[in-house]
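Working notes, beginning with the structure itself.
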Amino acid sequence: MSPNQSRRDVVVVGGRVAGSATAMLLARLGHDVVVVDQASFPSDTTSTHSIARSGVVQLQRWGLLDAVLDSGAPAIRQVTFHALGESVSRTIKHKAGVGLVVSPRRYVLDTILATAAEQAGADVRYGVTVTGVRRDPHGRVAGVSGHDRSGAPVDIGARYVIGADGLRSRVARSAGAAINEARPAGGATQYAYYAGIRWTGIELFVAERTFAGVFPTHHGQACIWVCTPSADAKAARRRTGSRVEAFGELLERSAPQLTERLRHARRTSPVQGMLRMPNQVRQAFGPGWALVGDAGYHRDAVTAHGISDAFRDAELLAVAIDQALGAGAGETAALALYQRQRDRALREIFEITCRLAAYPAVPAFIELQKQLSAAIDSEAAALASWPVPGDRLLASA
């Protein structure tokens, strides 16, 4: 077959955090994997890119945390919480094998993961746009079709197609994945990058109907973000007539002391984000296909847990696909177990996310933040106890 026509064990559509992590683990398990993404790397994507303790545990277990830190992403060891006229700083404790969190820029993180997938043996192809899935005569998904940047057709057959292509997943639509659960999508998140002043760690600011913060990242910059109800974000945009002015107004309402500090900094990016963020869980698999990352489960950014969710579910799916490809379990049983494990693992933080995205009164919001912290620590401890996929194969290589 030509390079644009092939037959593989697995084709992963989407090469960012969920897709590259899944491909890396499957390749480490010895499978023939190709990853396609319409972008070229390094490139950015919409994300506030904070990685919670549970996500850092995954990076460490997979042997990638050093690469993230060596890229210049600062090791964050302090969190300061500002609410009700008080500020409380806490050192991040050493739990589940890690004593730090990170917030790497996505053009750095995604490239590290894609490179790790290639080093494990995956074939990573950039500039490929998937337009739909192929089906065999029995209706089973059996590959993908699309085109490369030149317009030449791309046709990749595979025993399994994994959709890691985000909230608006073409794989999910083409495969007919149902939305099994949908909650109100009433939250908005906007952010920009600032440089020129010192960042001591993560900062979180709580006020009525708003939540803002600081995530230190590469090159001495920080991601400055503000979460609000969608209605408030849209109203600010109408009043001011510009994204920058609306962002400034919302940030002033949430964190006036941060706004004052930013007068001595310089904004290094446009204001970006989403004015409506769905909270939904899709059907995770069907004959010949599965979903991972935002394609399968999307939540409001108010809990900043998307990357950590993607890392967890990438490992659950890689183990399930490995079993379905011949390690002893039947396809339906293995992938049904993946869906049950994913749905069980996401449940507590999904419920907290939906409640936070409703912006209750400040005392209730603070209590939910405490519940979130405990849930993340519990998840991190569980992940730290999992066997690492491909560990035995890597050790014997």
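In this text, all values refer to a predicted model and were calculated from it rather than measured experimentally.
In this structure, C354 SG and D300 CG are separated by 8.0 Å, a value rounded to the nearest 0.5 Å. The distance from the CD atom of Q78 to the CD1 atom of I92 is 8.5 Å, given to the nearest 0.5 Å. In this structure, CZ on R263 lies 10.5 Å from CG on L258, to the nearest 0.5 angstrom. Note that CZ of F205 and OG1 of T80 are 8.0 Å apart. Values are rounded to the nearest 0.5 Å. Residue L113 holds its CG atom at 7.0 Å from CH2 of W62, rounded to the nearest 0.5 Å. Once rounded to the nearest 0.5 Å, the distance linking CG of L29 with CE of M24 reads 10.0 Å.
Between V108 and H218, some side-chain heavy-atom pair lies under the 4.5 Å cut-off. Looking at heavy atoms from C-beta onward, Y338 lies in side-chain contact with D313 at the 4.5 angstrom threshold. Here the side chains of H219 and R105 are not in contact, with every heavy-atom distance at 4.5 Å or above. By the 4.5 Å heavy-atom criterion applied to side chains, V34 and I156 are counted as neighbours. Annotation: side chain of R267 is in contact with side chain of V244 (closest heavy-atom distance under 4.5 Å). I112 has its side chain within reach of V68: a pair of non-hydrogen atoms, C-beta onward, lies under 4.5 Å apart. Side-chain atoms of R159 and H31, non-hydrogen and from C-beta on, never get closer than 4.5 Å to each other. In this structure, W289 and Q283 have side chains that are in contact, with non-hydrogen atoms separated by less than 4.5 Å.
The ring of F215 has its center no closer than 6.0 angstrom to the ring center of Y191.
Both tests do not hold together for R16 against Y126: distance to the six-membered ring centre under 6.0 Å, angle to the ring axis within 45°. Figure legend: cation-pi geometry between R299 and Y297, with NZ or CZ positioned under 6.0 Å from the six-membered ring centre and within 45° of its axis.
Checked against side-chain hydrogen bond (donor to acceptor under 3.5 Å, both in side chains), S47 has the following partners two or more places apart in sequence or in another chain: R106.
Residue A172 comes nearest to L291 through the heavy atom pair CB-CD1, 3.8 Å, listed as atom of the first residue, atom of the second, then distance. Shown here for Q272 and R243, the closest heavy-atom pair between the two residues is CA-NH1, 4.0 Å. Listed here is the closest heavy atom pair of G163 and A295: O-CB, 3.5 Å. The two atoms that bring G15 and A114 nearest to each other are O-CB, 4.3 Å, heavy atoms only. Residues S50 and I307 share a closest heavy-atom pair of O-CD1, 4.1 Å. Nearest heavy-atom pair, C223 versus Y193, reported as atom, atom and distance to 0.1 Å: CB-CE2, 3.7 Å.
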* May I have the step-by-step check of side chain to side chain contact (heavy atoms under 4.5 Å, CB included) for T189 and M274, ending in yes or no? => CA-CA 6 Å; T189 297; M274 296 176 67; 5.8 Å; no

* Asked: V10 and T22: side chain to side chain contact (heavy atoms under 4.5 Å, CB included), yes or no, with the steps?
  -> CA-CA 10 Å; V10 180; T22 307; over 6 Å; no

* To do: Could you please spell out the steps behind the side chain to side chain contact (heavy atoms under 4.5 Å, CB included) verdict for H49 and Y107?
  => CA-CA 10 Å; H49 54 77; Y107 65 83; over 6 Å; no

* Steps toward side chain to side chain contact (heavy atoms under 4.5 Å, CB included) verdict (L100, I76) -> CA-CA 5 Å; L100 59 90; I76 301 169; 5.9 Å; no

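Legend: salt bridge (charged side-chain N to carboxylate O under 4.0 Å, His left out) pairs involving residues 336-351, not counting sequence neighbours, sorted by first then second residue: E181-R347, R183-E351, R347-E351.
A donor and an acceptor atom, one from each side chain of S54 and E379, are located under 3.5 Å apart. In this structure, a donor-acceptor pair under 3.5 Å is present between the side chains of T303 and T353. No donor-acceptor contact under 3.5 angstrom links the side chains of Q38 and R170, judged on distance only. A donor and an acceptor atom, one from each side chain of T268 and Q221, are located under 3.5 Å apart.
One hydrophobic cluster holds both V161 and V128 under the rule that ILVMFWY side chains link at heavy-atom gaps under 4.5 Å. No continuous path of ILVMFWY side-chain contacts below 4.5 Å connects V319 to L25, so the two sit in separate hydrophobic clusters. Residues W386 and V56 fall within the same hydrophobic cluster, defined by Ile, Leu, Val, Met, Phe, Trp and Tyr side chains chained together at heavy-atom separations under 4.5 Å. Using a 4.5 Å cut-off between side-chain heavy atoms of Ile, Leu, Val, Met, Phe, Trp and Tyr, with links allowed through other members, I197 and V226 fall into the same hydrophobic cluster. Tracing side-chain contacts under 4.5 Å through hydrophobic residues (I, L, V, M, F, W, Y), one reaches V57 starting from L316; they form part of the same cluster.
Remark: D37 does not engage R125 in a salt bridge, criterion side-chain N to carboxylate O under 4.0 Å.
Between F81 and F211, the ring-plane angle classifies as tilted under the 30° and 60° cut-offs.
For R266, the CZ atom sits in a loose shell: 12 or fewer heavy atoms of surrounding residues, nucleotides or ligands are nearer than 6.0 Å.
Between the side chain of T217 and the backbone N or O of S103, at least one donor-acceptor pair lies under 3.5 Å.
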Tell me which donor-acceptor pairs under 3.5 Å the side chains of residues 355-377 have, and how far apart each pair is, sequence neighbours excluded?
from, atom 1, to, atom 2, distance (Å)
Y359, OH, T228, N, 3.2
D377, OD1, R53, NE, 3.1
D377, OD2, K95, NZ, 3.0

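Remark: of the listed residues R282, R168, M277, M277 is the sole one forming a side-chain contact (heavy atoms from CB on, under 4.5 Å) with H298.
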